[in-house]
Peer 1: 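The structure follows.
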Amino acid sequence: MTTHPVQPLVDVTDLSVEFPVGESGASVRAVDGLSFTLAPGRALGIVGESGSGKSTVAAALLGLHRDTGARLTGTVRVAGTDVTTAGPAELRRLRGGRAAMVFQDPLSSLDPYYAVGDQIAEVHRVHHDVSRRAARARAVEVLDRVGIPDAVRRSRARPHEFSGGMRQRALIAMALACDPDLLIADEPTTALDVTVQAQILDLLHGLREERGLALLLVTHDVGVAAESVDDLLVMKSGSAVERGPVATVLAAPTEAYTRALLAAVPRLEPTDGAGAAAPARAAAEARVPAPTPARPPAPVVEAVDLRREFGRGRRKTTAVDGVSLALAPGETLGIVGESGSGKSTLGRMLVGLLAPTAGEVRHDGTPTTGITAGAQMVFQDPGSSLNPRRSIGESIADPLRAAGERDEGAVRSRVAELLARVGLDPTHYDRYPHEFSGGQRQRVGIARALAPRPRLIVCDEPVSALDVTTQAQVTALLTELQQELGLALVFIAHDLAVVRQVSDRVAVMRQGLVVEDGPVDQVYGAPRHPYTRRLLSAVPSLDPALAAARRTDRSALTTV
Amino acid sequence: GPQDGSAESGGATGAAGQPRKGGTLTVLNSDPQNDFDPARLYTSGGGNVPSLVFRTLTTRNRENGAAGTKVVPDLATDTGRPNADATEWTYTLKDGLKYEDGTPITSADIKYGIERSFAAELSGGAPYLRDWLVGGDRYQGPYKDKKGLDSIVTPDARTIVFKLRKPEGEFPFVATQTQFAPVPKAKDTGAKYEEHPVSSGPYKVVRNENDGERLVLERNPHWSEATDAERKAYPDTIDVRSGLDPAVINQRLSTSTGPDAAAVTTDTNLGPAELAQITGNKELASRVGTGHFGYTNYLAFNPKVKPFDNPKVRQAISYAINRTSVVNAAGGSALAEAATTFLPEQAAFGHTPYDHFPAGKAGDPAKAKALLKEAGFADGLTVTLTHSTAQNRQTSPEVATAVQQALAAAGITVKLEGLENNAFNERRWDAKNTPGFFISRWGADWPSGGPFLAPIFDGRQIVTNGSNYNHAQLNDPAVNKEIDEINKLTDLAAAAARWGALDRKIGEQALDVPLFHPVYKRLVGKDVKNVVISDWTGVLDISQVSVK
Amino acid sequence: MTRFVLKRTAAALLVLLLLSAAVYGLFYLAPGDPARLACGERCNPQQIAQVREQLGLNDPVLTQYGHFLQGLVTGRDYSAGTAVLHCDAPCLGFSYQNDQQVTEIILDRLPATFSLALGALVIWLVIGVGSGVLSALRRGGLTERALTVLTLAATGTPVFILGLLLLMAVCAYLQWLPFPTYVPFSDDPEQWAWNLLLPWVTLGFFESAKYARLTRSSTLETLAEDHIRTFRAYGVGERAVVVRHALRGAVPPVVALSAIDLGTMMGGAVLTESLFGIPGLGKTLIDGVRVVDLPVVVGVVLVIGAAVVVAGALADLLYAAADRRVALA
Amino acid sequence: MTAVPSTRPAPAGPAPGATAPGAGAARQAWRRLRRRPAALAAAGVLALLVLLALAAPLLAHLVGQDPNAFHDDLVDSARGGVPFGSFGDASAEHWLGVEPGTGRDLFTRLLYGARVSLLVALGATVVQVLVGIAAGLTAALGNRFVDAVVGGATDVMIALPGLVLGIALTAVVPADFPRPLLLVLIIGLLGWGGTARVVRAQTLSLRGLDFVEAARLSGRGRLAVARRELLPSLAAPVITYAAILLPANMVTEASLSFLGIGVKPPTPSWGQMLSGAQTWFLADPAYVLLPAGLLFATVLAFTVLGDAVRAALDPREAGRLRVGARKARTRTARTAPKGAGE
Ligand SMILES: Nc1ncnc2c1ncn2[C@@H]1O[C@H](COP(=O)(O)OP(=O)(O)OP(=O)(O)O)[C@@H](O)[C@H]1O
Ligand SMILES: Nc1ncnc2c1ncn2[C@@H]1O[C@H](COP(=O)(O)OP(=O)(O)OP(=O)(O)O)[C@@H](O)[C@H]1O
Ligand SMILES: [Mg+2]
Ligand SMILES: [Mg+2]
């Protein structure tokens with residue numbers, strides 16, 4: 001906080017980073033001639049699609065690439081230290097002391113074996129020559145500051161005893177413990193659900209105001225950036241495409257790429273304008289007959305008072321607590337709710353992966369137990385939903401072979417057909433998952449779900465792990481397929497905007513219960529339940545002014 | 001005995017100078033003194049150490065070489081007075097004999113000690129008393145049968161008389177066994193007695209840990225040198241440490257540092273590898289004691305099994321054997337002497353040289369082939385040789401492969417059947433199931449031809465429901481009769497000559513192929529003096545050793 | 001926790017029961033007549049029959065096993081000739097070869113075995129974990145390679161050769177140490193340690209490679225984890241990162257393996273014990289097997305079994321304590 | 001470079017870091033393996049050993065030596081049978097000298113010994129791995145009861161002393177039952193506990209993965225899912241573990257020979273030679289050093305190769321050093337426990 005106001009806190013000039021990959025000599029240029037500055041007390045957002053080099057830049061500011069084989073060129077000065085040439089001791093002083101980093105994943109970023117307070121104290125003592133006891137006291141103090149209730153006791157807990165949001169707060173507390181001038185936050189909220197995300201963003205905002213911290217926020221969520229920063233830098237393939245004050249960039253983007261990026265962001269507002277998926281949804285909506293009270297078609301899937309409990313004794317949790325719903329052919333039901341509210345559990349019961357504790361699932365009117373061919377699922381994480389050791393063609397062909405198809409030629413041609421249908425090269429039968437990008441893998445997952453010609457597909461957060469542009473492509477594909485094949489879709493997500501775009505009806509879940517459900521426009525337009533209202537207000541807005549207003553709303557809501 | 005547990009045998013030099021009293025003698029052993037109860041020890045006395053604690057009616061003459069095969073009085077005034085047909089033996093105890101606690105030793109204690117050895121709880125020991133004493137076969141020991149054994153009579157506190165079922169001229173040898181040591185009835189704790197047996201000898205037990213793994217003996221103040229002509233008892237303390245690896249024992253003795261300089265072993269021989277090293281080193285070589293104990297390693301036939309019923313086959317094998325290979329497999333010429341006779345090469349046994357089927361150094365395969373052809377096996381023959389898998393260089397795979405190779409030259413294919421040592425012993429001594437062809441060995445319970453030949457060739461000793469050592473199940477009335485005749489003799493020299501002649505006669509039948517007699521080589525620490533090795537035990541006599 | 005203990009205990013008892021039954025069964029198959037062996041050389045048939053009766057070998061195997069189980073619960077009486085010896089529950093039986101109660105034998109031998117195992121544990125932890133960490137720190141370097149080859153050399157050499165070589169080098173050739181003879185800790189702690197030094201080194205060195213590799217790979221794995229990056233990004237020095245954080249990840253697997261190894265070693269490191277003349281359970285077991293002393297073999301195997309089960313439970317507990325993410329099942 | 005297809009929804013090229021298209025997992029692993037000179041050297045040593053072992057009869061014929069023929073003239077009977085010449089009496093005829101006591105040719109015995117040693121060690125490892133995988137999978141996929149039973153059986157096997165089992169088995173199996181096979185069985189049946197534990201742990205962590213669930217949804221039975229989805233993922237940890245087991249098994253074979261449960265004479269094995277050579281290392285060092293050196297080289301080669309194969313099979317070690325985020329995301333999705341929410 002003692003830097004001269006004239007000198008920028010961060011000064012990056014012509015930074016390039018290359019990573020060696022594969023066999024001899026080949027390399028990837030992750031950052032390509034990037035320059036920017038950040039003045040003390042200001043907030044800069046770096047946005048861009050996945051792989052555009054955002055994290056690499058953030059890591060370069062602290063010299064974290066040392067000894068990883070990466071090649072850096074250009075200069076990086078942070079708080080008066082030349083990161084590229086500084087000695088190890090100097091670098092250690094900078095790290096944490098002047099500039100602190102908050103990482104994306106709060107669970108894996110803390111040592112599971114030590115108490116949270118001890119970890120903060122350890123970091124504090126690296127930079128301040130104080131006693132163990134004083135450092136502990138400091139840890140409690142910062143934990144208290146970031147809003148951990150009962151900080152004295154909680155400081156002795158280990159990370160796994162914290163919820164995701166609390167862990168992220170603890171990481172921010174760790175950053176605060178060292179009194180840095182600059183906070184670098186790499187996707188600090190990506191792993192969190194909307195309500196918690198809003199809390200964290202509010203916390204960051206509060207700290208900035210209170211301590212005059214400078215903030216470098218890395219995110220692929222333009223909405224998050226809009227809420228939190230003064231300036232915005234849009235990256236693409238390692239270089240900056242556009243930069244300027246956040247309001248300007250969002251309101252009047254000069255570059256085509258920025259416009260495309262913004263257009264891909266799903267909106268909460270019921271605008272039928274931009275948004276790749278919107279037209280599709282409109283079409284789908286048109287197909288669904290208006291509620292005809294005469295004879296509703298037999299529901300594809302029906303849940304009757306479904307319950308599911310986990311654990312026994314004191315550890316017992318009721319994940320789903322008596323949910324009933326029905327889904328007509330060609331209809332999309334969105335399910336939203338915060339983390340742990342029971343969405344996935346419900347979805348897994350609908351396809352038969354999980355047996356309900358009570359209640360029953362009916363497919364086409366008949367009660368079923370266990371796996372049924374007509375119901376398939378698309379999973380959240382494209383990385384783990386495909387077996388890394390089997391070719392994608394094999395994975396897709398699995399249901400066909402299980403159904404007794406023996407003719408190799410027939411299998412191959414059907415797989416090729418499916419691949420083409422989801423927009424992949426039909427000749428890629430023999431490739432392995434790691435040879436595909438996240439979005440492509442999700443397409444493979446969809447192709448596999450389509451293979452047994454199901455009537456119902458449950459999509460559990462199918463786009464949460466993807467960046468906005470890819471997200472838009474995948475949602476568009478899903479709606480398109482539904483329209484074409486007359487599928488019933490259950491679409492689980494914690495992103496309210498995405499749900500709004502694809503769904504006909506939406507159910508809001510909280511602690512295993514459906515608190516509100518109805519047609520999308522009704523639920524989003526006139527939420528009846530206070531919880532739904534809180535969810536909606538937590539969604540970041542692309543308009544900085546609106547965001548500020550929402551922030552005020554939220555503080556009002558939470559104090560209720 | 002038939003087994004190797006008691007492998008004992010004479011003459012090393014050790015350190016020069018006059019032996020003096022004092023010091024601590026360390027004994028480094030591989031096997032612990034598990035049995036330290038006089039009732040349970042076998043004829044050889046359980047590895048020598050017990051003879052420091054137990055005195056018996058008679059004992060071995062503690063002298064080097066052949067002189068050491070004589071039996072001499074110990075507690076008794078003489079080696080025993082037989083009646084006319086040697087069925088009754090009378091002993092008189094010396095004056096002034098005391099236990100470690102000062103109480104006098106009586107003839108009743110000796111009787112009690114013998115009676116104990118009949119108890120099933122105290123199993124072990126040799127079979128002779130049971131077989132020889134009148135009523136011995138039915139007596140159950142003093143715990144079950146309080147009346148005692150009538151065939152042992154103690155007319156007074158110093159006299160004891162033994163009544164035998166048949167003439168036994170060699171009874172004085174049997175009276176050297178620890179069963180003839182006195183046990184005070186009041187101090188008998190049954191199976192627990194071995195933890196602290198009451199000493200009648202020059203030393204008493206002061207420590208006995210882990211079932212004989214560590215033993216410490218100190219002087220018995222009540223032992224009087226005047227009554228004991230045999231034991232010298234130079235060291236003040238004897239410290240026995242067992243459970244050591246043989247290689248380690250030999251290495252310690254050869255390094256001879258610290259207490260190991262005054263150390264000996266009573267159970268670990270030098271192996272071939274150690275011998276190879278030691279022979280090059282004068283200092284070490286001077287500390288090696290060499291002894292001979294009456295043992296013969298042989299190939300045994302069971303003529304009930306084809307083709308061994310055919311004497312020509314047995315003879316062919318006798319001709320084919322390559323004793324050089326066999327001796328090398330047993331550790332080389334320093335550790336084994338090629339044998340062509342069943343009796344060991346000692347006068348006490350009545351050794352009479354013969355070589356009925358001369359095979360020379362390396363075997364005579366041509367002669368063997370010729371005999372096989374006569375026997376109808378012109379195209380060769382396949383036989384199975386049973387041996388033990390124990391790595392003992394006696395009945396072990398090494399010896400078996402040497403036999404296998406030699407017979408191969410004569411066109412005999414030998415299949416090896418290696419059995420775990422227990423299984424091997426059970427098989428070879430099982431009359432109903434004796435292998436046709438196996439490696440065996442026999443040792444003397446005392447230096448005479450009797451205990452050597454009788455169990456193996458006496459037709460009355462064929463045992464069908466227990467251990468049968470008569471592997472060929474030979475039941476030749478002429479042989480049986482001769483054995484009875486010799487047993488009547490109390491003139492041991494005359495007996496020895498007749499044992500020798502009998503051996504030579506039986507040898508003609510080729511019921512076995514003598515392979516070699518083992519030689520014992522043992523190291524002593526560099527401060528050890530007065531090393532005496534008799535031909536009775538083959539190993540140094542611990543009661544003669546001095547460390548000062 | 002109580003539930004965990006109860007459940008584990010029940011499972012352990014079952015395992016021990018199975019073990020004892022398995023040993024009884026195997027003995028039924030194993031060669032050697034216990035009565036004949038107990039009786040000694042050249043016993044005549046009557047004598048063997050007496051001993052067989054005395055040992056209770058005339059009963060069917062199942063009855064014998066029943067007696068054994070009964071003894072465990074209620075204790076048993078044995079005739080020692082002059083008096084009747086009482087063997088308190090849990091009575092593992094009476095060894096007629098040793099004329100001692102098996103429980104006593106085991107209690108006598110346990111300290112030696114325990115001494116050997118414990119010291120070896122320290123050595124393999126120091127050498128194994130130490131070199132594991134060092135090679136994780138210096139990965140790819142010369143140090144790592146040298147360490148790998150050295151520890152592998154120890155593992156690739158049978159322990160009897162390794163021990164003999166050490167013994168010859170240290171005691172015979174260099175004469176740095178006298179030849180070791182076991183001295184109980186209760187007699188003289190200092191001599192105890194000096195005399196066990198070589199056995200410890202032999203066994204510890206022999207086992208160390210496994211631990212070196214385990215430590216190295218777990219440390220490397222942890223080093224690749226995200227929380228390590230956090231501490232680096234906060235200026236914590238590399239050594240502190242490795243020692244305080246990365247090494248921590250290697251603790252649970254090393255603890256688990258050590259517990260299992262210690263457990264099996266309670267049965268005695270047979271070869272090491274016999275090479276160095278340590279009066280431990282391993283030698284007792286081997287001798288018991290050789291002379292078909294069933295009570296001793298069953299007893300020792302049960303001790304090993306119990307140690308393995310306890311070690312397993314302990315490993316689970318330690319695991320759970322070290323890493324609360326792992327719930328006790 | 002373009003990391004992820006931008007707005008173009010059409011099929012795109014492979015993602016960054018991907019290897020050439022069309023390569024199977026095995027081929028990729030092989031490619032990664034090829035880049036490690038140490039691994040190649042190790043594989044070369046092993047291949048040579050196997051070749052020599054296979055060609056033992058041929059080689060013996062070529063050098064004109066019978067591994068079982070005695071040469072009494074070459075050993076000094078008076079000195080315990082030590083070979084006359086230095087270095088085990090190595091000569092143009094007997095390349096590596098002769099065995100003390102018998103004078104048998106060491107070179108050919110070592111060759112024949114390699115057959116038994118490699119066969120027993122490999123066989124035992126295979127048994128351990130197969131039984132271990134079966135037991136581990138059963139425990140992990142079965143219900144609590146099955147898990148407890150298999151766990152108990154594992155403990156019983158770990159606690160049963162090899163000697164008791166060995167002696168009992170040698171007693172019941174007929175004498176003409178091949179000894180190497182018996183050794184394989186003894187070592188294998190006693191040593192599967194570790195593998196079972198590793199497999200069980202690994203399977204438990206894999207069981208809940210999305211791709212396993214997806215496979216279940218395809219309508220396959222339990223077994224088919226376990227075989228297709230779980231087994232391949234178990235390869236890496238099992239190979240690592242096998243590389244530790246293999247040398248240990250060789251040493252165990254030696255120790256069993258030492259205790260008299262080894263192969264039948266006159267067949268040699270390294271272990272048996274070693275246990276026989278035990279006391280000879282001062283009198284005739286060559287006799288000890290040769291089998292010990294071979295054993296050590298084999299152990300070293302197997303370890304190095306095992307390490308390399310494991311690394312090559314692990315896609316994480318494909319050569320990418322990550323700064324963090326991407327890997328982390330998939331990882332938390334897998335292992336993070338469901339938090340109670342804030
Ligand atoms: N250690 C590394 N080795 C090789 N390539 C790397 C490494 N780290 C990053 N890359 C590559 O550099 C590029 C930029 O990666 P970076 O992680 O900075 O992207 P990002 O914008 O943060 O993406 P995301 O939104 O997915 O986090 C990507 O193509 C990535 O694959
Ligand atoms: N296998 C399980 N064992 C125990 N508890 C479980 C299990 N699966 C889910 N739960 C619990 O059930 C509740 C609902 O979980 P679920 O995964 O359905 O939530 P979600 O709404 O999908 O959350 P997220 O958005 O984080 O995916 C949570 O409290 C969770 O801890
Ligand atoms: Mg990133
Ligand atoms: Mg979920």
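The sequence lines fix the lettering, A, B, ..., with proteins before strands; numbering per chain opens at 1. Since the structure is predicted, the reported quantities are computational estimates derived from the model, not experimental observations.
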Peer 1: Within a reach of under 6.0 Å around CG of D129(A), are more than 12 heavy atoms found that belong to other residues, nucleotides or ligands?
Peer 2: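 No, because the 6.0 Å sphere around CG of D129(A) holds 12 heavy atoms or fewer from other groups.
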Peer 1: Under 4.5 Å from any heavy atom of chain C, what part of Q119(A) do you find: side chain, backbone, both or neither?
Peer 2: both
Peer 1: CE/M101(A) to CZ/R232(C) distance, rounded to the nearest 0.5 angstrom?
Peer 2: 13.5 Å
Peer 1: Please examine the side chains of M174(A) and T230(C), heavy atoms only from C-beta on, and report whether any two atoms are closer than 4.5 Å.
Peer 2: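 T230(C) reaches M174(A) side chain to side chain.
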Peer 1: Looking only at heavy atoms, which of residues 130-142 of chain A get nearer than 4.5 Å to chain C?
Peer 2: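 The residues closer than 4.5 Å to chain C amount to none at all.
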Peer 1: What are the two closest heavy atoms between L64(A) and R229(C), and how far apart are they?
Peer 2: CD1-CG, 4.5 Å
Peer 1: Find out whether H245(C) and Y114(A) are in side-chain contact, i.e. whether some heavy atom of one side chain is under 4.5 Å from a heavy atom of the other.
Peer 2: yes
Peer 1: Are Y234(C) and V126(A) side-chain neighbours, meaning at least one heavy-atom pair lies under 4.5 Å?
Peer 2: no
Peer 1: Looking only at heavy atoms and a cut-off of under 4.5 Å, which of G97(A), A89(A), G96(A) has the most pairs with chain C?
Peer 2: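 Among the listed options, the one with the most contacts to chain C is G96(A).
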